[in-house]
Amino acid sequence: RGLELALTSDRMDAHTCAALVGLQVGLVFSGRVDEYLELNHRFAQLDADTMLQFRLSEVFGLAMLKRFDEAQALSDEVLPAARRLDVPSAKCLAEYGCGLAYASSDPDRALHALRRAFESASSGRCTMYEGVVLRELARLEASHGSPEAALGFFERVLDDFDVIGKRTNL
């Protein structure tokens, strides 16, 4: 019933949001990223607060589909608004999306964005994002940054996932 409400709703409340997050996770983990992107685009048309959250998710989806030019343009559009918010998860998602969008074309910019994403996740206690961001940060540090830092991040990823128990994200 929650999923049905989410797909037919023209407003965003706690139940609709929870159903959508579950649907988003399911679509991403099942490899249905095109549908994930369509869902985010649909809900980005609602009110301004809802729009920003779903536009941030669109950046992530576009980067996953390797549509980097679109991801970069959208990231440049929504990143300043997310940075002004006092919402650590939004800041983290915005910086993470930026890091994914620019990883191939501007690794230095991507590394800075991923470091900011990790700081937002850590300071805001967004444990779900910490490990995911650390994993990407470790990968990019290994290929374009400091191998020593990459090793430290990889160790932290393994420790965090062992403690948190989210081994499926490894």
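This is a predicted model, so every value here is computed, not measured.
- The two atoms that bring Val133 and Cys92 nearest to each other are CG2-SG, 3.9 Å, heavy atoms only.
- The side chain to side chain contact (heavy atoms under 4.5 Å, CB included) test with Leu93 singles out one residue from Val59, Leu56, Val87, and that residue is Leu56.
- Closest approach of Ala63 to Ala101, counting heavy atoms only: CB-N, 4.1 Å.
- Leu151 and Leu111 fall into different hydrophobic clusters, where Ile, Leu, Val, Met, Phe, Trp and Tyr are joined by side-chain heavy atoms under 4.5 Å apart, directly or via other members.
- With Glu130 contributing its side chain and Ala121 its backbone, the two residues share no donor-acceptor pair below 3.5 Å.
- In this structure, Glu95 and Glu119 have side chains that are not in contact, with every pair of non-hydrogen atoms separated by 4.5 Å or more.
- Inter-residue side-chain proximity for Arg156 and Asp159 is flagged as unmet; no heavy-atom pair is nearer than 4.5 Å.
- Residues Glu141 and Ser146 share a closest heavy-atom pair of OE1-N, 2.7 Å.
- Under a hydrophobic clustering in which Ile, Leu, Val, Met, Phe, Trp and Tyr are joined whenever their side-chain heavy atoms come within less than 4.5 Å, directly or via other members, Leu27 and Val33 fall into the same cluster.
- Residue Leu137 is grouped with residue Met64 when hydrophobic side chains (ILVMFWY) are merged at heavy-atom distances under 4.5 angstrom, including chains of intermediate members.
- With values rounded to the nearest 0.5 angstrom, Asp34 atom CG is found 7.0 Å from Arg67 atom CZ.
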Would you list the atom pairs, donor with acceptor, under 3.5 Å between side chains in residues 73-81 and any protein atom, with sequence neighbours excluded?
| from | atom 1 | to | atom 2 | distance (Å) |
| --- | --- | --- | --- | --- |
| Asp76 | OD1 | Tyr102 | OH | 3.0 |
| Asp76 | OD1 | Arg109 | NH2 | 2.7 |
| Asp76 | OD2 | Tyr102 | OH | 2.8 |

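- The side-chain heavy atoms of Ser104 and Phe68, taken from C-beta on, include a pair separated by under 4.5 Å.
- Salt bridge Glu58/Arg55: present, at least one basic N to carboxylate O contact under 4.0 Å.
- Qualifying side-chain contact (heavy atoms from CB on, under 4.5 Å) partners for Ser143, counting only residues two or more places apart in sequence or in other chains: Arg139, Leu140.
- The nearest pair of heavy atoms linking Ala90 to Leu85 is CB-CD1, 4.0 Å.
- Rounded to the nearest 0.5 Å, atoms CG (Leu62) and CG (Leu100) are 11.0 Å apart.
- Annotation: the span from Tyr129 atom OH to Lys91 atom NZ amounts to 14.5 Å, rounded to 0.5 Å.
- Taking CZ from Phe60 and SG from Cys98, the interatomic distance works out to 14.5 Å, rounded to the nearest 0.5 Å.
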